[in-house]
There are 2 protein chains.
Amino acid sequence: MKPDFSPVECCDSVEVHESLLKIVDESLPPEEELYDLAELFKIFGDSTRIRILFVLFEAEVCVCDLASALNMNQSAISHQLRILKQSQLVKSRREGKSVFYSLADDHVRTIISQGLEHVEE
Amino acid sequence: MKPDFSPVECCDSVEVHESLLKIVDESLPPEEELYDLAELFKIFGDSTRIRILFVLFEAEVCVCDLASALNMNQSAISHQLRILKQSQLVKSRREGKSVFYSLADDHVRTIISQGLEHVEE
DNA sequence: TCAACATATGAACAATCGTTCATATGTTCA
DNA sequence: TGAACATATGAACGATTGTTCATATGTTGA
């Protein structure tokens, strides 16, 4: 992101603008937190990952079963599971040759159900 | 997304798999809803848009002030506002030469604060 | 140890995305 | 009406993303 300063005196309203700058400065979370937040939502912004999460709402499932339940090949699912795991949205457990995935915590449900509310209205 | 059927008898566990298919079939929301949900989260998955929303949490703001508050040029902000408006996350109101943007409803706050909780832990 | 199976991963590709630049549209005021 | 300002938008660009393919790693049982 390249900074591209606009003049401070825009909109012919210097006062409003200055108080806005103050508000923004006080209420805007630190840059890093905003970035992490965007990264988190990016994870939910793919329907394959959403579908994986919906399956995991119901059960702990191995990669192979996820793949066939969602009609996708093993590699694609595996790549997405890695992303979900890196974001600590799912966890995994090996059992013999298989690896079983499940939800890491219940934040995921809350976030998705809030999203659904918005979408369904 | 090209279907690439894996054999149904994967993982040497036909039974588990079949009951999973049933569960998925019953609990997975329709494809269109999943798609819309992913589209919604995609909107939140960009830190410029997140920052715009955080400013709008505090006040109704015109494009020019948004641009200078966030140190970005007018065009970039305007493009992002269009995306936010199309998703009905913000609404706009013209007042003379300026256009003022504000949050469309309070779902946005809820979704973002849930996300923050996850990120902050 | 070796074959068979389940999963993970790197490279490559097309597709999508965010920003910039140039310019168009809309509004006000002289 | 025309200049000045605020906003919107289309094209183009580099950057990022999701999937596929090929192959590597890990596990089991013979």
Side-chain angles (χ1 to χ4, degrees), chain A residues 1-14 16-17 35 38-39 41-52 61-87 90-101, chain B residues 1-14 16-17 35 38-39 41-52 61-87 90-101:
Chain A
M1 183 195 347
K2 294 171 195 166
D4 181 86
F5 264 88
S6 305
V8 176
E9 305 79 11
C10 66
C11 304
D12 291 333
S13 63
V14 184
V16 173
H17 180 77
Y35 182 80
E39 286 304 300
F41 285 124
K42 219 173 275 184
I43 306 294
F44 292 102
D46 174 76
S47 61
T48 296
R49 289 191 290 266
I50 291 270
R51 283 156 77 221
I52 290 177
V61 183
C62 69
V63 181
C64 162
D65 277 357
L66 265 173
S68 69
L70 299 179
N71 283 351
M72 298 191 62
N73 72 39
Q74 175 268 323
S75 180
I77 296 293
S78 200
H79 278 296
Q80 299 303 346
L81 284 170
R82 186 167 54 82
I83 292 173
L84 288 168
K85 195 176 178 183
Q86 280 171 347
S87 315
V90 309
K91 60 190 178 194
S92 67
R93 167 181 74 82
R94 181 175 275 277
E95 187 179 310
K97 283 178 290 186
S98 298
V99 176
F100 286 84
Y101 282 82
Chain B
M1 183 195 349
K2 293 172 195 165
D4 180 84
F5 263 88
S6 306
V8 176
E9 305 79 12
C10 66
C11 304
D12 292 333
S13 63
V14 186
V16 171
H17 180 78
Y35 181 81
E39 286 304 300
F41 286 123
K42 217 172 278 181
I43 306 294
F44 293 101
D46 174 76
S47 62
T48 296
R49 288 190 292 264
I50 291 271
R51 285 157 74 221
I52 291 176
V61 183
C62 69
V63 180
C64 161
D65 277 356
L66 265 173
S68 68
L70 300 179
N71 283 350
M72 298 190 61
N73 72 39
Q74 175 268 320
S75 179
I77 296 293
S78 200
H79 278 297
Q80 298 303 347
L81 284 170
R82 188 168 52 83
I83 292 173
L84 289 168
K85 195 176 177 183
Q86 281 172 346
S87 315
V90 308
K91 60 190 177 193
S92 67
R93 168 180 73 83
R94 181 176 275 277
E95 187 179 311
K97 283 179 288 185
S98 299
V99 176
F100 286 83
Y101 283 82

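All values below were derived from every heavy atom in this structure, side-chain atoms included, with hydrogens, water molecules and symmetry-related copies excluded. Computed from a predicted structure; not experimentally measured.
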(message) According to salt bridge (Lys or Arg N to Asp or Glu O under 4.0 Å), who are the partners of A:Arg93, at least two apart in sequence or on a separate chain?
(response) A:Glu60, A:Glu95

(message) Rounded to whole Å, please give me the gap between CG in B:Asp65 and P in D:dC5.
(response) 16 Å

(message) Heavy atoms only, 4.0 Å cut-off, all strands: where does A:Tyr101 land among base, sugar-phosphate and nothing?
(response) sugar-phosphate

(request) Pick base, sugar-phosphate or nothing for A:Ser78, based on heavy-atom distances below 4.0 Å to the nucleic acid. (result) base

(message) Taking side chain to side chain contact (heavy atoms under 4.5 Å, CB included) as the definition, give me every residue that meets it alongside B:Ser87, ordered by chain and number, with sequence neighbours left out.
(response) B:Ile43, B:Leu89

(message) Just so I know, are the side chains of A:Ser92 and A:Lys85 near enough to count as touching, which here means a heavy-atom distance under 4.5 Å?
(response) yes

(message) Any N or O donor-acceptor pair under 3.5 Å from the base of C:dT7 to the side chain of A:His79?
(response) no

(message) Restricting to side chain to side chain donor-acceptor pair (under 3.5 Å), what partner residues turn up for A:Lys97, sequence neighbours left out?
(response) none

(message) Using whole Å, what does the distance between atom C1' of nucleotide D:dT9 and atom CD1 of B:Ile77 come to?
(response) 15 Å

(message) How many whole angstroms separate atom CG of B:Asn71 from atom P of C:dG18?
(response) 20 Å

(message) Distance check needed: D:dT7 C1' versus B:Leu66 CG, whole Å only.
(response) 12 Å

(request) Could I get the full list of ring-ring contact (aromatic ring centres under 6.0 Å, His included) partners for A:Tyr101, not counting sequence neighbours? (result) none

(request) Can you check each nucleotide of nucleotides 22-30 of chain D against protein heavy atoms at under 4.0 Å and return B for base, S for sugar-phosphate only, - for none, in 5' to 3' order? (result) B----BS--

(request) List the atom of B:Ala38, the atom of A:Ser47, and the distance in Å for their closest heavy-atom pair. (result) CB-N, 3.6 Å

(request) Provide, to the nearest angstrom, the distance between the CG atom belonging to B:Leu70 and the P atom belonging to C:dT20. (result) 13 Å

Between the protein and nucleotides 13-18 of chain D, list the N/O to N/O atom pairs that are separated by less than 3.5 angstrom.
unit_1 : atom_1 : unit_2  : atom_2 : d
D:dG18 : OP1    : A:Arg49 : NH1    : 3.0
D:dG18 : OP1    : A:Arg49 : NH2    : 2.6
D:dG18 : OP2    : A:Arg49 : NH1    : 3.4

(message) Can you tell me which nucleotide in D:dT9, C:dT7, D:dT7 comes closest to the side chain of A:Cys62?
(response) C:dT7

(request) State which residues pass side chain to side chain contact (heavy atoms under 4.5 Å, CB included) with B:Arg94; sequence neighbours excluded, sorted by chain then number. (result) B:Val99

(request) In whole angstrom, give the distance that lies between atom NZ of A:Lys85 and atom P of C:dA8. (result) 8 Å

(message) Determine whether B:Leu81 and B:Ile77 satisfy the following criterion, side chain to side chain contact (heavy atoms under 4.5 Å, CB included), listing intermediate values before the conclusion.
(response) CA-CA 6 Å; B:Leu81 284 170; B:Ile77 296 293; 3.7 Å; yes

(request) Under the side chain to side chain donor-acceptor pair (under 3.5 Å) rule, collect the residues that match up with A:Glu39, sequence neighbours excluded. (result) A:Lys42

(message) What is the distance, to the nearest angstrom, from the CG atom on B:Asn73 to the P atom on D:dC5?
(response) 18 Å

